[in-house]
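Side-chain atoms are counted along with the backbone in the values below, which use heavy atoms only and exclude waters and symmetry mates. Note on naming: letters A, B, ... go to the chains in the order of the sequence lines (proteins, then strands), and numbering restarts at 1 for each one.
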Protein chains: 2
Amino acid sequence: MNDELFNLIERLANLLRQETRLEGQSLGLQPIQQEALYYLSTCNRYSDTTLAVTEFLGLTKGTVSQSLKILESKTLIAKVKDKKDKRITHLKVTEAGLEFLMKTCPPQKFTDAITSLSVDEEFETKRLLKKVLSSYQHATGRTAFGVCQHCKFNRKTSDGILCDLTKEALSSDDIMLICREYVV
Amino acid sequence: MNDELFNLIERLANLLRQETRLEGQSLGLQPIQQEALYYLSTCNRYSDTTLAVTEFLGLTKGTVSQSLKILESKTLIAKVKDKKDKRITHLKVTEAGLEFLMKTCPPQKFTDAITSLSVDEEFETKRLLKKVLSSYQHATGRTAFGVCQHCKFNRKTSDGILCDLTKEALSSDDIMLICREYVV
DNA sequence: GTATTTAGTATCGAGTCGAAACTAGTTTGA
DNA sequence: TCAAACTAGTTTCGACTCGATACTAAATAC
């Protein structure tokens, strides 16, 4: 069976989606809305826009705009206009949004299931899946979405950490977040 | 980050879903319809019913009934009434259905991406994901859906292979398929 | 021989989705 | 400099997903 890996990922994703659907019922949140919320809690200030969410989820911007509108109406995120570029709206996860994520993400039973792996096995699983994801993203020509500190543009200077792309200073918290401009 | 593994699976699944959506356009097939079709091509005669598909995909039977109706209307599957139990309808993948799956499943770019793994790595990835899936299925109390020949009820006798649950004879092709009654 | 259970279908309303048309702000370049 | 091209985001449309609920028909229980 050459398609076993495909099958395994699909099935894990189906279970995950199902549990996510259940977890979202308390607030009336759909799985995709929770995914968007989760992404927004992990990304940096260059990547917290409608378009970045669109790229991350691999949907169209009209669709994503709808989902974000619902998240805003439930006050799980807040829209903040960009100071410099008035076209851009930053999406900030609110306290209520973070609280929801803390409770539900990742789903409890998934976390339980992971404990069946040893520490080494868990590490190895992550490493292997990262490799597959990276190749797959490359094959589909999609934005990579990596962690800031591992990016080509991330530069440590005597004054602190700098993004060579935006020429802005970055804090040690900043560089832990996901960036849509990530380049290996 | 404790939720890294969760994130990786979600992202792989999103990419997969996107490519599946694209592949399905030629026949106007939605991702979930393709998943049902694919499942039906891999399952045995005890597991090719609406209810089995429902359990496999983790949805409700009403929803699945709709998707299967569409697959039937496109003559990708055919409904065959069970001889013994007239409530049961078996869902058989047609030639056209198999042809579509051959072309599209698993998606080409995913298959390409897998080649970035060595043979050993691919084997190890499968082993680890199987372990996670198995634990996760157990945690959620879902049907296991395993391959017939590895099932507790599968018994090799001098006369051939037997299912101890249904007491029916199985062929060597039969025991390669997925069964909803699978028990470790 | 009625009551319960099981397999599957039909219908509803809320939400997802892509496509396309739209507004508004920014950049480009003659 | 200022119109054209581009970019970020929204709105609307129609097809589809999804769970919930109510339904039909057949099998089983007792």
Side-chain angles (χ1 to χ4, degrees), chain A residues 13-14 17-36 40 45-74 77 79-91 143 180-181, chain B residues 13-14 17-36 40 45-74 77 79-91 143 180-181:
Chain A
N14 279 345
R17 200 176 178 75
Q18 218 185 321
E19 202 179 351
T20 302
R21 194 178 290 282
L22 226 64
E23 302 260 34
Q25 273 180 355
S26 59
L27 291 180
L29 286 183
Q30 299 291 318
I32 198 72
Q33 295 164 3
Q34 294 179 62
E35 274 190 65
L40 288 172
R45 65 187 120 117
Y46 308 131
S47 316
D48 59 354
T49 65
T50 303
L51 230 58
V53 176
T54 299
E55 283 170 19
F56 187 83
L57 296 178
L59 303 172
T60 55
K61 58 181 180 173
T63 301
V64 171
S65 182
Q66 285 301 312
S67 297
L68 294 174
K69 209 168 85 178
I70 293 169
L71 285 179
E72 193 195 13
S73 77
K74 293 182 194 285
I77 60 171
K79 293 186 178 177
V80 182
K81 281 270 172 203
D82 189 275
K83 294 273 153 57
K84 291 176 188 162
D85 190 332
K86 287 177 189 166
R87 291 170 305 181
I88 296 174
T89 310
H90 296 279
L91 305 160
T143 319
R180 68 189 288 208
E181 309 288 0
Chain B
N14 279 344
R17 200 176 177 76
Q18 217 185 323
E19 201 179 351
T20 302
R21 193 178 291 282
L22 225 63
E23 302 260 34
Q25 274 180 354
S26 60
L27 290 181
L29 286 183
Q30 300 292 317
I32 198 72
Q33 294 164 4
Q34 293 178 61
E35 275 190 64
L40 288 172
R45 66 187 120 116
Y46 307 130
S47 316
D48 60 353
T49 64
T50 303
L51 231 59
V53 177
T54 298
E55 284 170 19
F56 186 83
L57 297 178
L59 303 174
T60 55
K61 59 180 180 172
T63 302
V64 171
S65 181
Q66 285 302 310
S67 297
L68 294 174
K69 207 168 88 177
I70 294 169
L71 284 180
E72 193 195 14
S73 76
K74 293 183 194 285
I77 61 171
K79 292 185 176 176
V80 182
K81 282 270 173 204
D82 190 275
K83 294 275 155 55
K84 291 176 189 162
D85 189 333
K86 286 177 191 167
R87 291 171 305 179
I88 297 175
T89 310
H90 295 279
L91 305 160
T143 319
R180 67 188 289 210
E181 310 287 1

**Message:** Distance check needed: C:dG25 C1' versus A:Lys81 NZ, whole Å only.
**Reply:** 9 Å
**Prompt:** Would you say B:Thr50 reaches C:dT9's phosphate, i.e. side-chain N/O to OP1/OP2 under 4.0 Å?
**Reply:** yes
**Request:** Round to the nearest Å and state the distance from B:Leu68 atom CG to C:dT9 atom P.
**Result:** 7 Å
**Request:** Taking only the side-chain nitrogens and oxygens of A:Ser65, find out if one of them lies under 4.0 Å from OP1 or OP2 of D:dT11.
**Result:** no
**Prompt:** If we only count heavy atoms from C-beta on, is the A:Glu35 to A:Arg17 side-chain gap below 4.5 Å?
**Reply:** yes
**Item:** Partner set under salt bridge (Lys or Arg N to Asp or Glu O under 4.0 Å) for B:Lys83, not counting sequence neighbours
**Value:** none
**Asked** Who pairs with A:Lys79 by side-chain contact (heavy atoms from CB on, under 4.5 Å), at least two apart in sequence or on another chain?
**Response** A:Glu72, A:Thr89, A:Leu91
**Asked** In whole Å, what is the span from the NZ atom of B:Lys86 to the P atom of C:dA7?
**Response** 17 Å
Below 3.5 Å, can you tabulate the donor-acceptor pairs from side chains in residues 62-70 of chain B to any protein atom, sequence neighbours excluded?
{"unit_1": "B:Thr63", "atom_1": "OG1", "unit_2": "B:Thr60", "atom_2": "OG1", "d": "3.0"}

**Request:** Output all residues satisfying side-chain contact (heavy atoms from CB on, under 4.5 Å) with B:Leu51, sequence neighbours left out; order by chain, then residue number.
**Result:** B:Thr49, B:Lys61, B:Arg180
**Asked** Checking all strands, does B:Lys84 fall into the base, sugar-phosphate, or nothing category for heavy-atom contacts under 4.0 angstrom?
**Response** sugar-phosphate
**Item:** Contacts of B:Asp85 that satisfy side-chain contact (heavy atoms from CB on, under 4.5 Å) - sequence neighbours left out
**Value:** B:Asp82, B:Arg87, B:Ile88
**Message:** Less than 4.0 angstrom between a side-chain N/O of A:Lys79 and OP1 or OP2 of D:dT10, yes or no?
**Reply:** yes
**Message:** Walk along nucleotides 13-24 of chain C from 5' to 3' and tag each nucleotide B, S or - by protein heavy-atom contact under 4.0 Å, base first, then sugar-phosphate.
**Reply:** --SSBB------
**Request:** Report the residue (A:Lys69 or A:Asp85) whose heavy-atom-nearest nucleotide on DNA chain D is the more 5′ of the two.
**Result:** A:Asp85
**Prompt:** What is the distance from NZ of B:Lys83 to C1' of D:dA27, rounded to the nearest Å?
**Reply:** 19 Å
